[in-house]
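Report on one structure; see the data block that follows.
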Amino acid sequence: MEAPLIGGVRVRKGDGQTVRLRRGSSLTDLAEKIGLEPASLVQVLFNLGEMVTATQSVSDETLAVLGAELNYDIQVVSPEDEDRELLESFDLEFGEDLGDEDDLAPRPPVVTVMGHVDHGKTKLLDALRHSNVVAGEAGGITQAIGAYQVATEVDGQPRAITFIDTPGHEAFTAMRARGAKSTDIAVLVVAADDGVMPQTIEALNHAKAADVPVVVAVNKIDKPAADPTKVRGQLMEFGLVPEEYGGDTMFVDVSAITGEGLDSLLEAVVLTADAALDLRANPDMPAQGVAIEAHLDKGRGPVATVLIHRGTLHVGDSIVAGSAHGRVRALIDDLGENVTEAPPSMPVQVLGLTSVPGAGDNFLVVDDDRTARQIADKRAARMRAAQQAASSRRKTLDELFEQMARGETSELLLILKGDGAGSVEALEDALSKIDVGDEVSLRVIDRGVGAITETNVSLAAASKAVIIGFNVRPTPHATQMADRENVDIRYYSVIYDAIDEIEAALKGMLKPIYEEKATGSAEIREIFRSSRIGNIAGCMVLSGSLRRNASARLVRDGVVVTTTTIASLRRERDDASEVREGFECGLTIANYQDIKIGDIIETYEMVEKPRN
């Protein structure tokens with residue numbers, strides 16, 4: 001029996017069976033699963049109005065359309081499920097404590113400090129750990145996640161608390177959200193003089209989404225304008241009712257400057273953890289956790305700040321973190337001291353990875369370096385395919401014809417390099433939200449952590465892209481190559497500046513919009529014949545002014561007869577460049593002789609219209 005026609009191509013249809021594909025699969029991957037030629041799938045999609053090559057990563061929507069057409073139930077495996085299946089193939093499991101109930105031991109609570117920009121989050125942590133982080137931050141804004149462990153005493157018992165400081169700037173929403181997901185308790189910092197601000201609500205929503213208890217630190221109570229009662233009233237509108245008002249949220253008045261209330265805040269965190277959470281983990285199993293931040297250090301190579309969720313991480317362990325792998329060469333705690341092991345809830349910097357993991361990537365200890373490399377390579381391939389599918393812009397035939405009709409749209413290509421994985425991700429997230437209409441688009445073609453290299457410059461030169469360096473500089477050879485290839489490299493240390501400049505650049509790429517502005521009109525009162533120059537119109541200027549070479553239209557009985565320019569203009573016997581309202585003149589118009597008494601000549605100019 002002959003195969004039916006599908007999208008103009010004879011292809012054997014399925015009978016509704018399920019096909020599982022990883023995100024970012026190509027038509028070749030699908031063809032292998034269902035036993036068809038990739039070329040026939042390319043032809044089917046082309047006839048359906050979409051152009052995709054056989055090896056190109058395909059979006060989920062396109063796979064769904066193709067599946068419906070071929071009568072297959074195509075299921076795109078989520079990254080989480082795919083990662084779980086990958087680990088299961090190596091007999092590994094992430095996210096569960098191994099062992100019996102007796103193996104679990106208490107662990108310190110992990111606390112995320114959240115709140116509006118400039119409400120004193122980092123100063124509060126400074127006061128708790130007696131150091132000065134703010135002095136090193138550009139513009140006073142925390143632009144990377146830091147993690148610190150603080151010791152306190154509650155009911156005579158020594159207790160440790162791990163604090164994660166999340167950036168306060170609104171562009172770091174993604175980093176703040178990830179901070180909340182790595183945490184047990186959220187401390188919401190609100191300035192007593194400022195009250196609840198937009199990012200306060202945003203931070204609270206992240207904490208609620210992560211389903212973690214909230215402790216409110218009302219900061220800056222040393223200021224004259226401080227009003228802690230007002231803050232309590234504002235937060236009650238968002239469901240945070242203080243314990244003193246009969247609710248279940250602990251509010252603590254603190255001052256990062258004077259140190260008032262800091263012990264009470266630590267006690268509130270410990271009491272909330274004891275009351276609402278069962279914080280235990282198995283310290284004897286192979287370590288698992290999350291990479292909070294990662295960067296490329298010039299002397300030490302890739303450095304990842306990791307938070308241990310369960311197990312104990314030792315020097316010499318083989319680990320895999322996202323698409324990075326390696327053997328732990330050194331562990332450094334938040335005080336800069338070398339340690340040999342890191343128990344649950346302890347933040348440490350890990351040295352020894354082969355590449356920089358992404359901020360928020362899960363890490364786990366595996367049996368040997370070979371296993372770590374295999375898992376990392378498969379993850380890297382999967383991430384590359386998913387990224388290509390996300391960044392490949394679907395172009396249908398209709399869109400192609402539209403673009404051909406109006407001229408190709410402009411596109412600004414960017415290469416992002418930053419000091420930390422979280423910074424790069426946050427910058428890309430902020431830039432992707434810039435919207436200046438359909439005429440101009442922005443696309444990030446590459447991103448990475450560390451110095452700007454010759455590879456980045458050569459890619460920028462080939463693709464005519466702009467390189468954005470966030471707290472990083474190019475290597476000497478890259479600088480020379482950029483000068484030679486005329487590649488534009490921009491450097492930023494504060495994210496506001498990068499967003500503003502890129503938005504201005506996109507607006508500069510927009511084609512100008514012109515509007516017509518009337519400059520004058522004149523009525524033809526007499527016509528003079530000349531054998532040398534043709535018909536000369538004797539006119540009275542009715543409004544504005546007439547200029548030589550100005551754009552003009554000839555209007556007869558309200559109908560435009562021709563559009564032309566004023567070829568010559570005379571006032572009495574002298575040539576004139578301009579004749580104003582109320583004066584008579586003689587003029588000729590270019591390439592048109594059929595003028596009549598009573599015709600109106602209107603002049604105008606095209607003026608660029610400012611965009612909103």
Using only atom types and a distance under 3.5 Å, with no angle test, would you say the side chain of [X] pairs donor to acceptor with the backbone of [Y]?
{"X": "Thr183", "Y": "Val110", "answer": "yes"}
{"X": "Arg379", "Y": "Gly322", "answer": "yes"}
{"X": "Ser345", "Y": "Pro108", "answer": "yes"}
{"X": "Thr28", "Y": "Pro38", "answer": "no"}
{"X": "Arg443", "Y": "Leu413", "answer": "no"}
{"X": "Lys417", "Y": "Ala451", "answer": "yes"}
{"X": "Glu293", "Y": "Ala421", "answer": "yes"}
{"X": "Asp500", "Y": "Asp497", "answer": "no"}
{"X": "Asp317", "Y": "Ile319", "answer": "no"}
{"X": "Asp29", "Y": "Leu21", "answer": "no"}

Task: Salt-bridge contact Lys433-Asp429 (side-chain N to carboxylate O under 4.0 Å) - done: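 Yes, Lys433 and Asp429 are salt-bridged.
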What closest approach, in Å, do [X] and [Y] show between heavy atoms, and which atom pair accounts for it?
{"X": "Ala478", "Y": "Ile452", "value": "CB-O, 3.4 Å"}
{"X": "Gly420", "Y": "His295", "value": "CA-CB, 4.1 Å"}
{"X": "Val356", "Y": "Ala294", "value": "CG1-CB, 3.6 Å"}
{"X": "Pro109", "Y": "Ile185", "value": "CB-CD1, 4.5 Å"}
{"X": "Ile489", "Y": "Ala482", "value": "CD1-CB, 3.7 Å"}
{"X": "Ala127", "Y": "Ala256", "value": "CB-O, 3.7 Å"}

Enclosure of [X] [atom1] (heavy-atom neighbours >12, cutoff 6.0 Å):
{"X": "Lys208", "atom1": "NZ", "value": "yes"}
{"X": "Asn486", "atom1": "CG", "value": "no"}
{"X": "Arg300", "atom1": "CZ", "value": "yes"}

Is there side-chain contact between [X] and [Y], with at least one heavy-atom pair below 4.5 Å?
{"X": "Asn338", "Y": "Val315", "value": "no"}
{"X": "Leu266", "Y": "Phe163", "value": "yes"}
{"X": "Ile467", "Y": "Leu459", "value": "no"}
{"X": "Val424", "Y": "Phe470", "value": "no"}
{"X": "Leu66", "Y": "Leu27", "value": "yes"}
{"X": "Thr340", "Y": "Leu331", "value": "no"}

- [ ] Could you walk me through whether Leu313 and Val350 pass the side chain to side chain contact (heavy atoms under 4.5 Å, CB included) test, one step at a time?
- [x] CA-CA 10 Å; Leu313 184 63; Val350 174; 3.9 Å; yes
What's the separation between atom [atom1] in [X] and atom [atom2] in [Y], rounded to the nearest 0.5 Å?
{"X": "Lys33", "Y": "Ile74", "atom1": "NZ", "atom2": "CD1", "answer": "11.0 Å"}
{"X": "Ile292", "Y": "Gln349", "atom1": "CD1", "atom2": "CD", "answer": "10.5 Å"}
{"X": "Thr312", "Y": "Asn282", "atom1": "OG1", "atom2": "CG", "answer": "8.0 Å"}
{"X": "Ser323", "Y": "Ile375", "atom1": "OG", "atom2": "CD1", "answer": "12.5 Å"}
{"X": "Leu125", "Y": "Lys123", "atom1": "CG", "atom2": "NZ", "answer": "12.5 Å"}
{"X": "Gln149", "Y": "Leu128", "atom1": "CD", "atom2": "CG", "answer": "13.0 Å"}

Open item on the list: Set out, in order, the CA-CA distance, both residues' side-chain angles and the distance that settles side chain to side chain contact (heavy atoms under 4.5 Å, CB included) for Asp184 and Val111, then state yes or no.
Closed with: CA-CA 6 Å; Asp184 303 314; Val111 179; over 6 Å; no
TODO: Please name the residue in the list Val58, Val52, Leu30 that meets the side chain to side chain contact (heavy atoms under 4.5 Å, CB included) test with Leu41.
DONE: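 Between Leu41 and the candidates, side chain to side chain contact (heavy atoms under 4.5 Å, CB included) is satisfied uniquely by Leu30.
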Task: Among Val466, Leu431, Val444, side chain to side chain contact (heavy atoms under 4.5 Å, CB included) partner for Leu412 - done: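 The passing option is Val466.
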- [ ] Tell me, with the steps shown, if Val303 and Leu351 meet side chain to side chain contact (heavy atoms under 4.5 Å, CB included).
- [x] CA-CA 5 Å; Val303 179; Leu351 276 61; 4.2 Å; yes
Task: Phe363 and Ile308: CA distance, side-chain angles, deciding distance, side chain to side chain contact (heavy atoms under 4.5 Å, CB included) verdict - done: CA-CA 9 Å; Phe363 86 87; Ile308 316 298; 3.6 Å; yes
TODO: Indicate whether the side chain of Ser318 and that of Asp369 have a donor and an acceptor atom separated by less than 3.5 Å.
DONE: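 Yes, side-chain donor-acceptor contact under 3.5 Å.
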